[in-house]
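All heavy atoms count here, side chains included; hydrogens, waters and symmetry mates do not.
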Amino acid sequence: MDIGVQTLVFLSASPSKLPGFLYICTADGRVRVAVRLRPMLEAEIKAVGDAPPTIEIEPEVKRVLVKRDHWDSDSYQFDMAFPESTSQRRVFEEFCQPVVESCMKGYNGTVMAYGQTGTGKTHTLGNLGLTDPSQRGIVVRSLDHILATAEADQEGKYEVSLSYLQLYMETVLDLLQPDKDGLNITEDPSTGEVLCSGAKVVVISSTADLINLLSVGENNRVVANQKLNATSSRSHSVLLVTIRRLPADTSSMGLTQSVTATRGKLLLVDLAGSERISKSGSEGQMLEEAKFINLSLTALGKCINALSDSTPGHIPYRDSKLTRILKDSFGGSAKTSLIITVSPLKTHLSETASTLAFGQRAIKIENNTRIREEVDLKLLNRRLQAELDNINISYERQTTQITEGEAKLAQVSATIEGIEKQKAGVEKQLLADREAAQRTLDDLRKESAAAVAKVKSELEGVISQEKQAFQQELEKKNQEIGQLRTGANEELQKQSSTASKQIQMLQESNIEIKAQLAAKDASLFELQKHVQSQGDVKGAAVADARKEMSHLMEKLAQQHKQHEEEMERQRVVLQAAEGANKSLKEENQRLMGQLEAAVSANDPASPAEGPDPGAKGKKKFWKFPGSGSRSSVKMNGQEGFPAVGSTPPPEGSSTPDSASGSRGTWTQHRDAVSAVSKLFEHVGLTTVFGLLKYDDRDVRLHAVKVIANLAAEEENQVNIVQEGGLEALFDLLQTCTDEMTLRVAAGAVANLAMSEQNQHRIVEEGGLELLVKLSTSAVDSQTQRMIAGAIANLCGNATILDRLQASGSLQVLVNLTNSEQVDVLSQVARGFANNSKCTKGKTHLVELGALPAILNLASKTTVPTVRKHAMLALCQIASCEVNVAAIKSSGALDMLTEIANAEWDEFKSMASTVLANPLYAR
């Protein structure tokens, strides 16, 4: 859907925040660079003939080799390296798709193609695939992926729009409005936004709409026919895709509904190719176009140089409109992926080297990437309305509750007032009753005291009278005693008995009086108790109400205290768990960082190509891993992974790396070796072998890479086997199913097989059977190459040849001759050469029917290394008279004749000696 002409905003290079936008910054912002090699055309293949390739891509180590001659070569390391057979789909999925997915999350992104004219930039980026969908370029595949992801996302709603521009002779033109004049590029001084006003913006919803728009744009783009390219682009094209993501359901906004929308922008830039006028033959208008193209690319190169400098100063973005448009892509906030395309022809070697150097500088640039979110005003308005409605509803509910509460409070207040009045009356009545009871008690006390005093007085009077009478009677009796002693004693006894009885009666009377007094006291106590109970009954209602309220308040306080204690306990437990988890993560990251640093310092390469039979007498140049050229470790005719810790090249030696700073590379390599040594001093070989049994796939992979690196050094090979490394690798080969881990493990076994002492251990412990079993399930060509390299190393030992035959290892080499990969065939041919040379031609290969395969490999003129090994094996087999019949029947005499006339002296001499044998007379 066309939404008209708007002001086109390119990606912001300024860290200033725009109003209404939120930024989430990240640290992963380095410019990623990949190289892609254009395949040769039919005419170019005929013109080159049998000449060895000038450009060699090593995808497994992400490296490009530029061979200046037979001895000297330069190497370049990138994030990815795509050979000429790489499909369009693989280029997109492995290199460009991460940038597209980042844009859908709110990042800014750029995918750009750079290279010499005629190297396939427009094919890689802008091929529409109208006749063959498999040839669709990055532009169509990116928009397809965006639309498919948007349709599958159930939680978000997307708006995808695009604009299509071209920069022609420093003029910005709209490819969707070809009749419109040039557009102006401005920059907002406050925000740093690069603006292009008047560009047409179109919303797309299907692939068909996209193809139609791109077809219109491509038809309006300026192209021309020249010597290097029949359809050479004469302008830089820029496709700007804006991806805006909103919440899926905005019909009913809640308080928790998000009001932010992510906005990502994707720049797809197809740069016009750099060219030399002497080669392109441009003249007239095309010459003027070439000048502007080269000037804009030169300005871009200056910006890249300034940004890649360790101490950058002024960045000349304003030297060209191209650099102003790409300001955010290099040194800004975008995630940038740069694809550089190169030609396979030697005639363009200088342009290829310049392009690769451009990529090497660009890979050093760090961008400050960030997610861009904006507040959607419509969604914000809906959310605020919903919040206002909820506030109004809550206010009305609270107002009603307050009114009801006030009514209940008034009712309770009236009830309390009545209770207070009743309490006052009861207290008044209780006070009156208490006063009356006190008066009665006082009266009873007075009466009791008077009665007691009266009884006591009467008792004292009686006692006094009785005593007086007794004294009188006693005196009288005493007088009579003297007169009548006998009669007096009896009378005295009688009177004494009478007196005792009277005293007893008086005592009993006194006890009765005391009992009456106690009864009166008990009656008074009961009266006091009755009065007190009357007062307690009247105040019970108020006391019960207060007691219930106090109980409820205490219960509420207790529950609040228990809740606070539980929250504090949970907080302490959570903090302890987080602290323990953080400590475990930091320790794991520290150990993994040490292991990854050691592995990344020298990632194990594959077994290199075998010894060159024709290299006798020629000067050999020293190479070491990381120098940029494919190298191998040779020991007793065997080959394996490049080793960590090789000696540096002597001063003044003409190594292939001297042009690119081999001494600096050696210093980095030496530091990496020191890091590995320190790691193993810390953890030990046994610990690394134990990591091979880890459940985590990345831990196992890093550990086996470290073992493969160590196994590439001669002084480590026997020690690794003695420490149990061979058993650990065999266990891994038997239990692991990951292709990458199996590949590196097979490479480690190949490195260990370089030692003759280890070769017997490998055979005795069933290593041959494991390699044969692995070959039946290996589908990856790199794994097949590792297996072939291990068997080829073992083929050089004459004492285990029968075991090689019995285990089926030689049959594996024969089977792998069906591979189409040059690296696999190189290892197979080396194995044939080692076996034939070790047996002096009496090999089992003839019995296995390998002779036709050897002839086929010897005829591969385009692969010199494979051909040399096969020619050596053929000459060795033919030199043994046992094989005369097989040689004649297979037609190998023609190949021997061809070898005898070849340019390699060692093969020429061997083939001539064989043909001179009378048994081969025709």
Side-chain angles (χ1 to χ4, degrees), residues 249-259 375 377 379-448 519-575:
D249 183 13
T250 58
S251 57
S252 58
M253 293 294 294
L255 296 179
T256 60
Q257 181 70 46
S258 174
V259 298
V375 177
L377 297 181
L379 297 182
L380 179 61
N381 182 50
R382 293 182 186 177
R383 177 171 174 175
L384 293 177
Q385 289 292 343
E387 291 181 357
L388 181 60
D389 293 340
N390 288 334
I391 292 173
N392 290 333
I393 293 172
S394 178
Y395 174 75
E396 291 177 357
R397 290 175 179 172
Q398 292 179 1
T399 302
T400 303
Q401 292 176 356
I402 291 173
T403 304
E404 294 176 353
E406 290 177 348
K408 290 181 179 179
L409 181 61
Q411 184 178 359
V412 172
S413 299
T415 303
I416 293 175
E417 185 177 356
I419 293 174
E420 291 291 339
K421 291 180 179 179
Q422 292 179 2
K423 178 183 177 182
V426 169
E427 289 179 349
K428 185 176 180 181
Q429 182 64 35
L430 180 61
L431 181 62
D433 292 343
R434 185 176 295 174
E435 291 176 352
Q438 186 65 37
R439 287 194 298 269
T440 303
L441 180 61
D442 292 342
D443 292 343
L444 290 174
R445 286 178 177 175
K446 289 179 181 180
E447 292 176 358
S448 175
K520 290 181 180 180
D521 288 337
S523 176
L524 180 61
F525 176 77
E526 289 294 331
L527 179 61
Q528 290 177 347
K529 185 177 181 181
H530 175 72
V531 172
Q532 184 177 358
S533 64
Q534 290 295 327
D536 293 340
V537 170
K538 291 180 181 180
V542 176
D544 290 341
R546 290 179 177 178
K547 185 177 181 181
E548 182 66 18
M549 183 177 295
S550 176
H551 176 69
L552 291 176
M553 291 299 293
E554 290 177 356
K555 186 175 182 180
L556 180 61
Q558 184 178 6
Q559 290 179 352
H560 180 71
K561 182 178 180 181
Q562 291 176 352
H563 177 70
E564 290 293 330
E565 292 176 349
E566 180 64 17
M567 289 294 291
E568 182 63 22
R569 186 180 68 82
Q570 293 292 339
R571 188 179 297 108
V572 171
V573 172
L574 180 59
Q575 290 177 352

Can you tell me how far [atom2] of [Y] sits from [atom1] of [X], rounded to the nearest 0.5 angstrom?
| X | Y | atom1 | atom2 | result |
| --- | --- | --- | --- | --- |
| Gln401 | Lys408 | CD | NZ | 9.5 Å |
| Arg397 | Ile393 | CZ | CD1 | 6.0 Å |
| Glu406 | Leu409 | CD | CG | 8.0 Å |
| Gln438 | Asp443 | CD | CG | 10.5 Å |

Next on the checklist: For Glu396, is there any backbone N or O sitting under 3.5 Å from a side-chain donor or acceptor partner on Thr400?
Outcome noted: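 Confirmed, Thr400 side chain pairs with Glu396 backbone.
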Item to check | Whether Ser394 side chain and Asn390 backbone form a donor-acceptor pair below 3.5 Å | outcome: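 No: the side chain of Ser394 does not pair with the backbone of Asn390.
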Item to check | Partner set under side chain to side chain contact (heavy atoms under 4.5 Å, CB included) for Ile416, not counting sequence neighbours | outcome: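 With neighbours one apart ignored, the set is Val412, Glu420.
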Checklist entry - How about Gln429 and Asp433: does a side-chain donor come under 3.5 Å of a side-chain acceptor? => result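 Yes, side-chain donor-acceptor contact under 3.5 Å.
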